[in-house]
Amino acid sequence: MINILVGIFLLSGFIAAIFLLLAIFNFIKLDKIKAIKMLKFTGISIVIFILCFIAVGELGLNNAETPKKEKQEEKPVAKIETSDDVTWQDKVKEIAGLNNTPTEKFDTIVAYAKKYPSTKAEIKEFENYIIAEYKNKKYLADIKDETYLLSNIFKAYVINRYYGDEETHINDFVYGFYQNSNNVLRGIESSNSNTIKYNERQMDKALAAIESP
């Protein structure tokens with residue numbers, strides 16, 4: 001398309017120049033009627049010339065921007081090979097052992113959790129585990145144990161992904177657990193910060209609703 005427009009652009013410019021010369025020539029010959037007619041043709045050619053110039057410029061700009069858009073990708077995370085023989089526990093240990101920042105490790109475990117093929121029985125197992133860890137106040141007891149925190153983040157993310165946007169008490173509880181574990185792992189919050197305590201109050205409400213008969 002742009003090649004056609006360029007061709008029309010060049011041709012209209014050439015024709016406009018010819019008509020302009022003819023108009024000048026007829027003015028010199030004092031043939032005003034032909035001169036005015038040549039000027040009209042010159043004007044039409046100039047309009048086409050300008051329109052093609054604008055169109056070529058727009059297409060050129062769009063083509064120049066396209067590669068930049070294609071290069072915009074999600075934040076890269078460490079590549080973790082997957083295999084049916086490797087358990088999620090192995091993955092957590094592998095990620096925890098990477099020479100990366102806590103934030104990079106968090107991004108990597110979440111990327112793995114997004115594709116993890118959980119089962120309904122496993123979801124229930126994860127739920128019971130997370131509730132137990134919260135009740136015994138162990139889940140934020142050692143903020144330097146990245147393997148433990150990453151394991152909890154993995155389980156919480158898998159549970160939340162399983163329920164999706166469904167509004168359930170267990171989903172609300174697990175989301176607070178996930179947020180607190182995430183914030184402590186990355187050093188955004190201390191284990192006794194106001195944000196952590198606020199989330200825990202919300203978790204307590206959700207837990208009470210879960211356990212109510």
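The shown structure was predicted, so the numbers you read here are calculated from the model rather than taken from an experiment. When reading the values below, keep in mind they use all heavy atoms of this one structure, side chains included, and skip hydrogens, waters and symmetry mates.
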For a side-chain contact (heavy atoms from CB on, under 4.5 Å) check, start with the C-alpha distance between N192 and K197, then their side-chain angles and the critical distance, and finish with the verdict. CA-CA 6 Å; N192 60 352; K197 296 303 180 185; 4.0 Å; yes
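- In this structure, N152 CG and N182 CG are separated by 12.0 Å, a value rounded to the nearest 0.5 Å.
- Side chain to side chain, Y129 and E125 fail the donor-acceptor criterion of an N or O pair below 3.5 Å.
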Using side chain to side chain donor-acceptor pair (under 3.5 Å), reason through E122 and Y162 one step at a time and then give a plain yes or no. CA-CA 11 Å; E122 201 169 31; Y162 177 80; over 6 Å; no
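- Just one residue in the list Y178, Y134, Y163 forms a ring-ring contact (aromatic ring centres under 6.0 Å, His included) with F173, and that residue is Y134.
- Between the R161 side chain and the K114 main chain, a donor and an acceptor come within less than 3.5 Å of each other.
- Environment of CD in E166: crowded, with over 12 heavy atoms of neighbouring residues, nucleotides or ligands closer than 6.0 Å.
- Taking the side chain as every heavy atom from C-beta outward, L149 and D145 never approach each other to under 4.5 Å.
- Taking the six-membered ring wherever Trp is involved, the centroid distance between the rings of Y157 and Y116 does not fall below 6.0 Å.
- With rounding to the nearest 0.5 Å, the separation of CG in N199 from CZ in R201 is 9.0 Å.
- Shown here for I123 and I159, the closest heavy-atom pair between the two residues is CD1-CA, 4.1 Å.
- Interatomic distance, CD1 of I153 versus CZ of R186, reported as 8.5 Å (0.5 Å rounding).
- The nearest pair of heavy atoms linking P102 to E146 is CG-OE2, 3.7 Å.
- Side-chain atoms of D90 never come within 3.5 Å of backbone atoms of V86 as a donor-acceptor pair (strictly under, hydrogens ignored).
- Taking 4.5 Å as the limit, every side-chain heavy atom of V92 sits out of range of all side-chain heavy atoms of T87.
- At least one donor-acceptor pair under 3.5 Å links the side chain of N136 to the backbone N or O of A132.
- Between I143 and L185, every side-chain heavy-atom pair lies at or beyond the 4.5 Å cut-off.
- Looking at S151 and Q89, their side chains never come closer than 4.5 Å, going by heavy atoms from C-beta outward.
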Between K155 and F177, is a side-chain contact (heavy atoms from CB on, under 4.5 Å) present by the stated rule, with each step listed? CA-CA 10 Å; K155 292 176 182 178; F177 185 96; over 6 Å; no
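- In this structure, the side chains of M203 and Y175 stay at 4.5 Å or more apart for every pair of heavy atoms.
- Taken from CZ in F126 to CZ in F154, the straight-line distance is 5.0 Å, to the nearest 0.5 Å.
- In this structure, K137 fails the cation-pi test against Y139, since its NZ or CZ atom is not both closer than 6.0 Å to the six-membered ring centre and inside 45 degrees of the ring normal.
- Put simply, CG on L150 and CZ on F106 are 9.5 Å apart, with the number rounded to the nearest 0.5 Å.
- Remark: the backbone N or O of T101 is paired with a side-chain donor or acceptor of E104 at under 3.5 angstrom.
- For K105 (side chain) and L98 (main-chain N/O), a donor-acceptor pair under 3.5 Å exists by modelled atom type.
- Residue-environment remark: CG (N99) stays at or below the threshold of 12 foreign heavy atoms within 6.0 Å.
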Verdict with supporting geometry, L207 and E211, side-chain contact (heavy atoms from CB on, under 4.5 Å): CA-CA 6 Å; L207 186 58; E211 297 180 337; 3.8 Å; yes
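- Between the side chain of S193 and the backbone N or O of E189, no donor-acceptor pair lies under 3.5 Å.
- Minimum heavy-atom separation, S191 to V184: CA-CG2, 4.2 Å.
- In the model, E94 has no side-chain atom that pairs as donor or acceptor with a side-chain atom of Y112 under 3.5 Å.
- Between I196 atom CD1 and I188 atom CD1 the span is 9.5 Å, to the nearest 0.5 Å.
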